[in-house]
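Heads up: the structure comes next, in structure tokens.
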Amino acid sequence: MIGSAWPYINYMPHLGTIIGSVLSADVAARYLRMKGEDVVLVSGSDEHGTPIELEAVRQGIPPKKLTDENHRKVKKLFERWALSFDNYTRTESPVHIRFVQDFFRKIYSNGYIFTEEVVFPHCPRCRRFLPDRFIQGKCPRCGFEAARGDQCDACGWPLDPSKLVEPVCALCGETPSPKTTKHWYFDLPRFTHQLESYVKENPRLPENARNFSLNLIREGLKPRPITRDTEWGIPAPFPGAEGKTIYVWMEAVLGYVSATLEHFQRLGQEDRWRDFWLDPEARTVYFIGKDNIPFHTIILPALLLASGEGYNLPWTVNSTEFLMFEGQKFSKSRRIGIWIDEALRMFPADYWRYTLISIRPEVKDTSFSWSTFLEKVNSDLNDTFGNLVHRTLTFIGRHFEGKIPTPEALDIYDGEMLKVAKEAQKEFERNLEQFKLQAAVLTVMDLARKANKYVNDKEPWRTVKTEPSKAAATLYVAAKIVKTLGILLQPFIPSTADVLLEKFGVKPGESRKLWDELRKELASGQKLGKPKVLFKKTSLEEVEKKLKELEQAGKKEERISAEELSRLNLRVGRIVDVQPVAGSRKLLRLKIDLGEEGVKAAAAGLGECYQPEELRDRLVAVVANIQPVKILGVHSEVMVLAADDGTGKFALLTPDRAVKSGSKIR
RNA sequence: AGCGGGGUGGGGUAGCCAGGUUUAACCCGCGGGGCUCAUAACCCCGAGAUCCGUGGUUCAAAUCCACGCCCCGCUACCA
């Protein structure tokens with residue numbers, strides 16, 4: 001079983017999301033299939049949880065409608081990215097829901113779940129309980145005002161909601177009142193020793209995953225509440241838990257099992273999933289980003305143990321660091337990054353797959369940049385690999401009637417070259433067995449370079465006139481290596497590899513056991529397909545042009561109607577008070593006079609651009625009817641508008657003559 | 001502030017866990033040359049690194065340890 005972290009589909013995944021998870025998992029799965037392993041590759045959309053619920057509320061649609069749409073889009077895009085899932089499902093799948101409920105009933109009857117009556121802060125206005133981040137207040141230890149329900153950001157002290165001084169609802173600012181509720185807890189500490197030895201004794205866990213997990217265990221595991229007082233999610237199956245749902249993280253990780261189950265059910269092989277989960281010989285491999293480590297090395301193993309069913313614990317958890325975009329964090333709101341739909345509108349999936357694997361953040365955060373993309377596509381794929389293929393095939397086409405030449409005798413260099421290819425193959429295997437995808441891809445490119453050198457040194461264009469048998473041997477060897485490269489690259493750039501391998505008579509879809517093709521002698525006399533250029537170079541200019549096109553297309557889609565515009569209540573306000581916010585360089589706490597609308601609070605990230613005294617008494621444009629939020633604990637009822645030219649220096653919008661506070665902006 | 005990761009030629013990275021197999025490797029870029037089968041591509045030669053700093057362990061340190069400096073991420077509903 002190969003699993004990849006389940007993308008959270010409140011929006012579209014971006015390049016960073018997929019490199020650590022689905023793309024890496026796909027490469028591994030393709031490689032293992034090629035070697036004849038019995039592989040099932042599963043993942044799915046993670047669609048429960050409050051972020052999606054809130055997003056749906058904001059859009060005024062049911063959560064299910066939102067996730068139906070997003071799941072459909074993402075699933076289709078994954079196909080276009082050539083991700084070869086056996087089952088890409090979703091957490092709303094009936095099979096998953098039933099599996100999760102049965103699973104938790106089982107754990108419950110095994111005695112690993114207890115309930116606790118807790119007095120929890122409850123917001124009368126929002127009519128909801130306020131766990132973790134839904135509540136803020138003053139830290140009892142350091143006095144920091146914007147401490148959250150689970151931790152104080154200023155001093156790092158762990159908290160619980162009842163300890164906060166002067167607590168308020170993080171959503172609306174209302175003072176919560178205590179209300180009794182009951183929650184179901186998973187007794188995680190009881191697995192401390194088992195988990196510790198599991199983590200310690202699993203030599204395949206990468207260092208980042210091991211260190212992080214051991215730290216958590218050393219700090220002491222705490223019981224985890226598995227129920228939530230929300231509506232969107234899987235109904236908790238415990239007696240008396242009506243109206244509660246299972247915490248999203250507790251159920252999503254079980255998707256690996258349920259997705260396998262669902263896959264084989266569809267095939268009509270009801271019991272086959274057991275081969276992957278209950279047979280101790282079967283291995284389960286996970287590909288995730290580093291943020292997901294505890295859920296895969298602690299929570300998931302503990303849940304599997306608690307079931308008492310003898311499920312295989314993760315054989316290895318391959319976690320990557322983060323991918324940045326031009327040195328910055330991917331950011332939807334700031335439009336930094338490339339999303340998986342946009343990527344495919346610009347370049348073929350194989351270009352992206354190759355580039356992303358080449359810069360896969362295996363030991364540290366790495367950064368995607370367009371110059372890297374150009375380097376990988378132009379220099380590696382096109383010049384080194386593509387050109388080797390093309391020069392070999394065209395030469396055979398011109399001088400050997402397009403048939404693989406028959407070598408009469410191989411000289412020492414020919415033999416050496418074939419040996420080098422064999423060694424590269426072995427190194428490639430060594431890398432991939434450890435899921436060092438980046439190194440594997442480098443090995444392949446290195447072989448292509450050596451082959452280019454070999455052809456140069458051998459000068460078949462000269463020997464074909466003087467000693468044709470020598471040229472035949474050279475091209476035989478070159479063809480052998482080209483085919484080898486095609487096979488080795490198949491997991492990385494499947495579409496291109498298929499096109500290439502087809503010329504050698506290997507049909508697409510025969511990828512299972514493709515590895516055997518490496519051992520076979522190259523069939524002399526076999527007619528090769530007509531050479532066709534595999535890649536096209538690109539340039540910074542072309543990238544910029546395509547980005548502009550994307551932006552244009554985006555604008556067209558986003559054009560809004562006059563009615564929609566009129567929903568904004570835009571006003572001119574006078575800043576009457578400015579206070580810095582403890583613990584933030586950027587954030588300022590403003591009070592803005594909106595005339596008859598009253599004086600409103602605003603939090604604005606202007607601290608790096610303006611001194612407080614510059615702001616006082618200024619007239620500014622604000623959105624007066626935006627959903628109130630808390631930013632770093634600062635209540636914000638209106639949004640101050642400013643121009644952002646990308647330099648990081650914002651410019652406030654100010655009317656060009658003095659107008660009354662509260663004037664409407666039309 | 002806490003937690004986590006990192007600092008290697010002009011740019012991007014590997015090596016570090018398991019110290020010696022490296023005169024510190026690879027790609028891009030740069031300077032020179034070769035070749036002409038090939039997608040102005042390929043091949044060769046060259047310049048370019050106090051492996052963040054200081055101290056320690058060791059016969060031996062980019063690699064292990066300690067301290068310091070500097071970056072980045074997470075801790076905010078963007079992984």
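Numbered from 1 within each chain, the chains take letters A, B, ... in sequence-line order.
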If we take the P atom in both B:rA14 and B:rC27, what is their distance in whole Å? 15 Å
Rounding to the closest angstrom, what is the interatomic distance between B:rC52 and B:rU8 at atom P? 6 Å
Would you kindly give the NZ-to-P distance between A:Lys458 and B:rC42, to the nearest whole Å? 22 Å
Going through the checks in order, is the salt bridge (Lys or Arg N to Asp or Glu O under 4.0 Å) test met by A:Asp411 and A:Lys458? CA-CA 11 Å; A:Asp411 67 17; A:Lys458 281 289 189 172; 2.4 Å; yes
Can you find a donor-acceptor pair, distance only, under 3.5 Å between A:Asp365 side chain and B:rC72 base? no
What contact category does A:Asn452 fall into here, base, sugar-phosphate, or nothing, at under 4.0 angstrom with non-hydrogen atoms? sugar-phosphate
Would you mind classifying the nucleic acid contact of A:Met324 as base, sugar-phosphate or nothing, using non-hydrogen atoms under 4.0 angstrom? sugar-phosphate
B:rU39 phosphate, OP1 or OP2, under 4.0 Å from A:Lys532 side-chain N/O: no
A:Glu362 atom CD is separated from B:rU13 atom C1', nearest whole Å, by 11 Å
From CG of A:Leu356 over to C1' of B:rG12, roughly how many Å is that when rounded to an integer? 15 Å
If you compare every side-chain N and O of A:Ser379 against the phosphate oxygens of B:rC28 (OP1, OP2), does one of them come in below 4.0 Å? yes
May I ask you to check whether over 12 heavy atoms, not counting those of A:Lys480, lie within 6.0 Å of atom NZ? yes
At under 4.0 Å between heavy atoms, what does A:Gln438 touch on the DNA or RNA strands: base, sugar-phosphate, or nothing? sugar-phosphate
When rounded to whole Å, the CZ to P distance for the pair A:Phe322 and B:rC72 reads 16 Å
If I pick the P atom on B:rG48 and the same atom on B:rA24, what distance separates them, to the nearest angstrom? 14 Å
Just how far, in rounded Å, is P of B:rG12 from CG of A:Leu374? 15 Å
Which part of the nucleic acid, if any, lies within contact of A:Phe395, taking any heavy atom under 4.0 Å across all strands shown: a base, the sugar-phosphate backbone alone, or nothing? sugar-phosphate
pi-stack flag for A:Trp461 and B:rC37, centroid dist under 5.5 Å, interplanar under 30°: yes
Rounded distance in Å between the P positions of B:rC64 and B:rG15: 12 Å
Under 4.0 angstrom, heavy atoms only, what part of the nucleic acid is A:Arg398 near: base, sugar-phosphate, or nothing? sugar-phosphate
Base partner of B:rA66, which must satisfy Watson-Crick or wobble distances under 3.5 Å: B:rU54
Gap in Å between the two C1' atoms, one belonging to B:rG73 and one to B:rC28, rounded: 27 Å
Touch check for A:Lys537, heavy atoms < 4.0 angstrom, all strands: base, sugar-phosphate only, or nothing? sugar-phosphate
Using the C1' atom on both, measure B:rC17 against B:rU54 and round to a whole Å. 24 Å
Need one value for A:Thr394: base, sugar-phosphate or nothing, where a base atom within 4.0 Å counts as base even if backbone is also close, heavy atoms only. sugar-phosphate
Report the distance from atom CG of A:Leu442 to atom C1' of B:rA14, rounded to the nearest whole Å. 8 Å
Indicate, with a heavy-atom threshold strictly under 4.0 Å, whether A:His14 touches base, sugar-phosphate, or nothing. base
Does NZ or CZ of A:Arg228 lie under 6.0 Å from the centre of the six-membered ring of A:Tyr247, at an angle within 45° of the ring axis? yes
Heavy atoms only, 4.0 Å cut-off, all strands: where does A:Ser369 land among base, sugar-phosphate and nothing? nothing
May I ask you to check if A:Lys290 and A:Phe322 form a cation-pi contact, with NZ or CZ under 6.0 angstrom from the six-membered ring centre and within 45° of the axis? yes
Between B:rC74 atom P and A:Leu323 atom CG, what is the distance in whole Å? 13 Å
Between B:rU58 and B:rC65, how far is it from one P atom to the other, in whole Å? 16 Å
Would you kindly compare A:Tyr454 and A:Gly386 by the position of their nearest RNA chain B nucleotide and give the one closer to the 5′ end? A:Gly386
Test A:Tyr11 against A:Asn70 for side-chain hydrogen bond (donor to acceptor under 3.5 Å, both in side chains), laying out the working first. CA-CA 7 Å; A:Tyr11 187 61; A:Asn70 287 353; over 6 Å; no
Using a heavy-atom cut-off of 4.0 Å across all strands, would you classify A:Phe535 as base, sugar-phosphate, or nothing? base
Mapping A:Phe385 and A:Thr366 to their closest nucleotides on RNA chain B, which lands nearer the 5' end? A:Thr366
C1' spacing across the pair B:rC77 / B:rG5, given as an integer number of angstrom: 24 Å
To the nearest angstrom, how far is A:Lys364 atom NZ from B:rG15 atom C1'? 11 Å
What does A:Asp383 touch in the nucleic acid at a heavy-atom separation under 4.0 angstrom: a base, only the sugar-phosphate, or nothing? sugar-phosphate
Could A:Asp380 and A:Arg449 be called an ion pair, given the rule that one side-chain N must be under 4.0 Å from one carboxylate O? yes
Is there a side-chain contact between A:Ile481 and A:Thr392 in this structure, where contact means two heavy atoms from C-beta onward sitting under 4.5 Å apart? no
